[in-house]
Amino acid sequence: MSTHIGAERGQIAERVLMPGDPLRAKWIAETFLTDATCYSTVRNMFGFTGTYRGVPVSVQGSGMGIPSISIYAHELINDYGAKTLVRVGSCGALADSLQLRDVIAAIGASTDSAINRQRFDGMIDYAPVADFGLLRGAVDAAAGRDIDVKVGQVLSADVFYTDRPDLPERLAGYGVLAVEMEAAALYTLAAKFDVRALALLTVSDHIVRGEALPAADRERSFSQMVEIALDTVTAEA
């Protein structure tokens, strides 16, 4: 077992979906996977492994924010041999063209976190990006389901309640589609450990327009995003 994941070696698949919400992990496993079993309940951050179209897939909750997903991604890769990690989460839209429930594939993730400056001694603003094969696979999978996935940059924010009300429109002006809190860390760790990562996001809020989905929908109404993720990670099996 690792420090934060209560699984034995061999219980976690090489392909892992990572929702932030542990209850969403449970919903994904029960709704989409065959013969799903729970391998971890440590800190109530549930993890499950089952199969999707005969291919082993795990679903591991990651919690909220860069520190939390960094812990789970690090342990999944280094202690359990995960090779493909796809974040499936919610985001707040910035771009005027986006609507609630739209699905975004994050090609890159800017961040206001200092994690990557610390990695490079304050000298480099490292730009973490998605694995291109996964990104292209997700776009193809979405097209196969007649879903118009949006591809672009997101911001992985360190602060949820910001004191900078001017930032959303400024970020949108530079082509940032949405704000979330984890993708930059996931992409950075994937690059460091030579594995593949992608963030797929469903718009749960529109920050500029003040629109939002009800809490229950945040947990359980993101089926399109999950189907795209599962199609993508199992396409090459």
Side-chain angles (χ1 to χ4, degrees), residues 4 16-21 24 45 60-78 82 84-96 98 102-132 134-135 138 149-208 218 225 229:
H4 301 91
V16 185
L17 270 56
M18 298 186 72
D21 185 348
R24 191 178 299 150
M45 194 57 69
Q60 174 63 55
S62 71
M64 289 191 293
I66 282 172
S68 188
I69 197 171
S70 295
I71 289 170
Y72 289 101
H74 183 102
E75 293 182 13
L76 286 169
I77 295 165
N78 291 283
T84 300
L85 299 94
V86 177
R87 165 161 158 67
V88 282
S90 58
C91 66
L94 302 176
D96 187 61
L98 290 171
D102 278 354
V103 180
I104 296 171
I107 192 170
S110 300
T111 184
D112 57 5
S113 169
I115 55 162
N116 285 335
R117 289 190 181 181
Q118 292 171 3
R119 290 179 189 275
F120 295 99
D121 302 318
M123 301 296 292
I124 296 174
D125 286 325
Y126 178 76
V129 297
D131 176 83
F132 178 72
L134 287 178
L135 180 67
V149 68
K150 316 297 183 182
V151 178
Q153 185 178 177
V154 300
L155 173 74
S156 297
D158 237 2
V159 178
F160 189 85
Y161 296 109
T162 180
D163 292 328
R164 294 289 306 276
D166 59 311
L167 279 182
E169 291 190 10
R170 184 180 299 183
L171 288 165
Y174 280 83
V176 178
L177 296 181
V179 178
E180 53 88 69
M181 300 188 74
E182 290 85 23
L186 179 62
Y187 287 0
T188 298
L189 289 172
K192 178 180 180 180
F193 296 117
D194 194 25
V195 300
R196 306 192 305 165
L198 175 66
L200 293 174
L201 307 164
T202 296
V203 175
S204 61
D205 307 81
H206 200 293
I207 295 173
V208 177
R218 292 172 186 266
M225 170 181 63

- Point-to-point distance, once rounded to the nearest 0.5 Å, from CZ of Arg196 to CG of Asp194: 11.0 Å
- Residues Leu201, Val154; criterion side chain to side chain contact (heavy atoms under 4.5 Å, CB included); working and verdict: CA-CA 10 Å; Leu201 307 164; Val154 300; 3.9 Å; yes
- Task: Check Leu94 against Val208 and note the closest heavy-atom contact, atom names and distance.
- Result: O-CG2, 3.6 Å
- Task: State, to 0.1 Å, how close Val195 and Ala82 come at their nearest heavy-atom pair, and which atoms those are.
- Result: CG1-O, 3.7 Å
- For the residue pair Thr202 and Ser90, establish whether any side-chain heavy-atom pair is separated by less than 4.5 Å. no
- Query: How far does CG of Leu17 sit from CG of Leu200, to the nearest 0.5 angstrom?
  - Reply: 8.0 Å
- Query: Do Ser156 and Glu180 have a side chain donor and acceptor closer than 3.5 Å?
  - Reply: yes
- Give a yes or no on this: more than 12 heavy atoms of other residues, nucleotides or ligands lie within 6.0 Å of atom CD1 of Ile115. yes
- Item | Which atom of Cys91 lies closest to which atom of Ala178, heavy atoms considered | SG-CB, 3.7 Å
- Can you check side chain to side chain contact (heavy atoms under 4.5 Å, CB included) on Val86 and Val16, steps first, answer last? CA-CA 6 Å; Val86 177; Val16 185; over 6 Å; no
- Write down the atom of Val149, the atom of Ala105, and the distance for their closest heavy-atom approach. CG2-N, 3.8 Å
- Message: Is there a side-chain contact between Tyr126 and Arg119 in this structure, where contact means two heavy atoms from C-beta onward sitting under 4.5 Å apart?
- Response: no
- Message: Test side chain to side chain contact (heavy atoms under 4.5 Å, CB included) on Asp158 and Thr111; report intermediate values, then the result.
- Response: CA-CA 8 Å; Asp158 237 2; Thr111 184; 5.7 Å; no
- Note, Leu85 side chain near Leu189 side chain (heavy atom, < 4.5 Å): no
- Would you say Tyr187's side chain and Ala127's backbone share a donor-acceptor pair under 3.5 angstrom? no
- Message: To the closest 0.5 Å, what do you measure between CZ (Arg24) and CE (Met18)?
- Response: 13.0 Å
- Message: Just so I know, are the side chains of Gln153 and Leu177 near enough to count as touching, which here means a heavy-atom distance under 4.5 Å?
- Response: no
- Query: Which heavy atom in Asp96 sits nearest to a heavy atom in His206, and how many Å separate them?
  - Reply: CA-NE2, 4.1 Å
- Note on the structure: Here the gap from Lys192 atom NZ to Asn116 atom CG, rounded to the nearest 0.5 Å, amounts to 10.5 Å
- Item | Verdict with supporting geometry, Met64 and Glu182, side chain to side chain contact (heavy atoms under 4.5 Å, CB included) | CA-CA 7 Å; Met64 289 191 293; Glu182 290 85 23; 4.2 Å; yes
- Message: Side chains of Leu186 and Ile66, heavy atoms from C-beta outward: is any pair under 4.5 Å?
- Response: no
- Message: Would you compute the distance between atom CD of Gln60 and atom NE2 of His4 and round it to the nearest 0.5 angstrom?
- Response: 11.5 Å
- Message: Nearest 0.5 angstrom please: Leu76 CG to Ile71 CD1, how far?
- Response: 11.5 Å
- Taking all non-hydrogen atoms of both residues, which atom of Ala130 and which atom of Ala106 are closest, and how far apart? CB-O, 3.4 Å
- Query: Any side-chain heavy-atom pair from Leu135 and Val151 closer than 4.5 angstrom?
  - Reply: yes
